[in-house]
J.: 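Here's a structure for you.
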Amino acid sequence: MQAMRAAACLNALLGNLGAKGGLSLGSGVKLAKPEELPLLGPALQKPKAKRFDGAGGEKWPLAKGLGMVQTLPDHILSEKPYPVKAYFVSHHNPVRSCPNTNRFIESLKKPELMVAIDVQMSDTAYFAQYILPESTYLERFDPVQAEGPVVALRQPAVKPLHDTKGEDEIITELARAAGLGPYFNFTLEQFNDALLAPTGVTHRDLLKQGVIKFEIPKPQGLPELKTASGKIELFSTALQAAGGSPVPRWEPPAVEPGANDFQLLHGHVPMHTHTSTQNNAWLNALMPENELWIHPGRARRLGIKTGDLLEVASEVGKVQIKANVTEGIRPDCVFMAHGFGCLSPLQKLNYKQGASPSMLIPTRVEPVSGAAADCEVLVTVRKVG
């Protein structure tokens, strides 16, 4: 978080915000916000219970957006602040994307109901009691999207090949079956028209054109900023109120590698998207598995050569993965690409190919933002074959 804060402050200090060739703010198409739409059904009652993860509460006031899914296993297993009786997961594969995979799997066995909505049998869907098959992106409508000056509508290129539905249909039918039909008494077209109202175009316009580009004047200077002063604040009162440093400062890592271990780094690769494409035959052919990058100096000490099978172990788990000896990594770190090490045997191309860094990462929460501190992990490496 401090690195991101420092980068933002540096852009401000250099006059890069709103400048030609710099960072442009507030220059895109504005759709209506879902929470501000005219009511399409009865007024919703706000939940009386607090969020289970505490996001947006006293301890984590800045985490109210996406929340803190990495803490889900702790809350499910401890039943604090209350028992989690049911878990619905859609468009997400936390078993392979969240830290401490083994603990996540353990927690998924506790709720009375576990339902996954997905286009494939992901690791998470494999542990669900019910899988509701969703149509792929080529077979379904989605809510309209705006990016920069462009508004676009995803619409089916072909009819669904199998007995699948779009996520909006699945959720609507579940709601009606649960007696909540009046809250979903509108179509996706009506929802899209409400989102599009500020633009003057409609769902039907986009049906014909697919994509509409608007002429948006280039902003002059900075838009009004949502800060207490209305100006750029290098000294953040919001961070100060949340218990953090109001200005960027150096914070030492939570862990530091020694002579006999490494700091584990992980990241993405261009041919795969998170954990969703490794079972795609064409993309799998480009990269069927990941490898552990290790520096030649450390590799020589451990007797490791490229292609050797390694065991990588941390405080929460261990995996096996092939070695890639390279100058492209620091001597005190090792690296593996995210998205591999699939646990679902129905993903035949991807099953048990490579290793998942999530198996090795303990659950650590960044103390102010609430984000998962996924690179704060030490591992040992040894040759096994």
J.: What are the two closest heavy atoms between Met68 and Ala63, and how far apart are they?
T.: SD-CB, 3.9 Å
J.: Apply side chain to side chain contact (heavy atoms under 4.5 Å, CB included) to residues Thr275 and Ser122 and explain how you reach the verdict.
T.: CA-CA 8 Å; Thr275 67; Ser122 68; 6.0 Å; no
J.: Looking only at non-hydrogen atoms, find the nearest pair between Pro198 and Ala32 and report the distance.
T.: CG-N, 3.7 Å
J.: Do the side chains of Ile232 and Thr227 get nearer than 4.5 Å, heavy atoms only?
T.: no
J.: Hey, is the main chain of Ser276 close enough, under 3.5 Å, to the side chain of His274 for a donor-acceptor pair?
T.: no
J.: For the CD1 atom of Ile329 and the CE atom of Met336, what is their distance to the nearest 0.5 Å?
T.: 11.0 Å
J.: Does a side-chain N-to-carboxylate-O contact under 4.0 Å join Asp193 and Arg204?
T.: no
J.: Given side chains that start at C-beta, do those of Gln278 and Cys342 come closer than 4.5 Å, heavy atoms only?
T.: no
J.: Going by atom types alone, do Asn279 and Asn350 pair a side-chain donor with an acceptor below 3.5 Å?
T.: no
J.: Does Tyr126 share a hydrophobic cluster with Ile105, counting links as ILVMFWY side-chain heavy atoms below 4.5 Å and allowing steps through other members?
T.: yes
J.: Quick one: pull up CG in Leu264 and SG in Cys375 and give me the separation to the nearest 0.5 Å.
T.: 7.0 Å
J.: Which heavy-atom pair separates Pro73 from Phe104 by the least distance, and what is that distance?
T.: CG-CD1, 3.4 Å
J.: Under a 4.5 Å cut-off applied to non-hydrogen side-chain atoms, are Asn260 and Thr380 in contact?
T.: no
J.: So how far is it from Phe186 CZ to Asn192 CG, rounded to the nearest 0.5 Å?
T.: 10.5 Å
J.: Share the residues that join Met1 in a hydrophobic cluster, the rule being Ile, Leu, Val, Met, Phe, Trp or Tyr side chains under 4.5 Å apart at the heavy-atom level.
T.: Leu62, Leu239, Val368
J.: With hydrophobic residues grouped by side-chain heavy-atom distances under 4.5 Å, do Ile117 and Met121 end up in a single group?
T.: no
J.: Check whether more than 12 heavy atoms from other residues, nucleotides or ligands sit under 6.0 Å from atom CD of Gln145, and answer yes or no.
T.: no
J.: Is the backbone of Lys305 close enough, under 3.5 Å, to the side chain of Asp308 for a donor and an acceptor to pair up by distance?
T.: yes
J.: Provide the closest heavy-atom pair for Gly67 versus Arg51 in the form atom of the first, atom of the second, distance.
T.: CA-NH2, 3.2 Å
J.: Apply side chain to side chain contact (heavy atoms under 4.5 Å, CB included) to Val334 and Leu265, showing your working.
T.: CA-CA 6 Å; Val334 289; Leu265 308 178; over 6 Å; no
J.: So which atom in Gly317 and which in Leu360 form the shortest heavy-atom distance, rounded to 0.1 Å?
T.: O-CD2, 3.3 Å
J.: Just verifying a value: how many Å separate Leu188 CG and Leu153 CG, rounded to the nearest 0.5 Å?
T.: 7.5 Å
J.: Counting distance only, does the side-chain N/O of Thr124 pair as donor-acceptor with the main-chain N or O of Val95 below 3.5 Å?
T.: yes
J.: For Glu315, what residues pass the side-chain hydrogen bond (donor to acceptor under 3.5 Å, both in side chains) criterion, not counting sequence neighbours?
T.: Arg364
J.: Using a 3.5 Å distance criterion without hydrogens, assess whether the side chain of Gln320 forms a donor-acceptor pair with backbone atoms of Ala355.
T.: no
J.: Look at the aromatic rings of His266 and His338 and report parallel, tilted or perpendicular, splitting at 30° and 60°.
T.: tilted
J.: Salt bridge check: are Arg140 and Glu169 linked by an N-O gap of less than 4.0 Å?
T.: no
J.: In Å and rounded to the nearest 0.5 Å, what is the CG to OG distance from Leu378 to Ser314?
T.: 9.0 Å
J.: Which atom pair, heavy atoms only, marks the closest approach of Ala323 to Leu310?
T.: CB-CD1, 3.5 Å
J.: Can Leu225 and Lys231 be said to form a side chain to side chain contact (heavy atoms under 4.5 Å, CB included), step by step?
T.: CA-CA 6 Å; Leu225 301 177; Lys231 301 178 181 180; 5.5 Å; no
J.: Are any non-hydrogen side-chain atoms of Leu13 and Leu234 less than 4.5 angstrom apart?
T.: yes
J.: Stepwise, does the side chain to side chain contact (heavy atoms under 4.5 Å, CB included) test hold for Asp74 with Lys80?
T.: CA-CA 8 Å; Asp74 293 338; Lys80 295 178 181 179; over 6 Å; no
J.: Taking the side chain as C-beta and beyond, is there a heavy-atom pair between Val377 and Pro362 under 4.5 Å?
T.: yes
J.: Between Phe141 and Leu138, is there a shared hydrophobic cluster once you connect ILVMFWY residues whose side-chain heavy atoms come closer than 4.5 Å?
T.: no
J.: Quick one: does Ser358's side chain have a donor or acceptor within less than 3.5 Å of a partner on Thr101's backbone?
T.: no
J.: State whether Lys322 and Glu291 are salt-bridged, where the test is any N-O pair (Lys NZ or Arg NE/NH1/NH2 against Asp/Glu carboxylate O) under 4.0 Å.
T.: no
J.: Take atom CZ in Phe235; do more than 12 heavy atoms of anything else shown fall under 6.0 Å from it?
T.: yes
J.: Answer yes or no: is there a donor N or O on one side and an acceptor on the other, between the side chain of Asp205 and the main chain of Thr202, under 3.5 Å?
T.: yes
J.: Please check if the side chain of Asn100 supplies one atom and the backbone of Thr363 the other of a donor-acceptor pair under 3.5 Å.
T.: no
J.: Check ring pair (Phe, Tyr, Trp, His ring centres under 6.0 Å) between Phe340 and all other residues, then give those that pass, not counting sequence neighbours.
T.: His272
J.: Mind checking whether Lys110 and Leu77 have side chains closer than 4.5 Å, heavy atoms only?
T.: yes
J.: Are Leu196 and Ile216 in one and the same hydrophobic cluster, where Ile, Leu, Val, Met, Phe, Trp and Tyr link if side-chain heavy atoms are under 4.5 Å apart?
T.: yes
J.: If you draw a 6.0 Å radius around NE2 in His162, do more than 12 non-hydrogen atoms from other residues or ligands fall strictly inside?
T.: no
J.: Just how far is it from atom CZ of Phe88 to atom CD1 of Ile170, taken to the nearest 0.5 Å?
T.: 11.0 Å
J.: Treating Thr306 as the side-chain partner and Val325 as the backbone partner, does any N or O pair qualify as donor plus acceptor under 3.5 Å?
T.: yes
J.: Do the non-hydrogen side-chain atoms of Val115 and Leu132 ever get within less than 4.5 Å of each other?
T.: yes
J.: For residues Leu349 and Met287: do they belong to one hydrophobic cluster (side chain heavy atoms under 4.5 Å, members Ile, Leu, Val, Met, Phe, Trp, Tyr)?
T.: no
J.: Is a side-chain donor or acceptor of Asp142 paired with a backbone partner of Arg154 at a separation under 3.5 angstrom?
T.: no
J.: Does the side chain of Gln347 pick up a donor-acceptor pair with the side chain of Gln120 at under 3.5 Å?
T.: yes
J.: Where the side chain of Tyr130 meets the backbone of Leu113, is there a donor-acceptor pair that is under 3.5 Å apart?
T.: no
J.: Does Phe191 reach the side chain of Asp168, with side-chain heavy atoms less than 4.5 Å apart?
T.: no
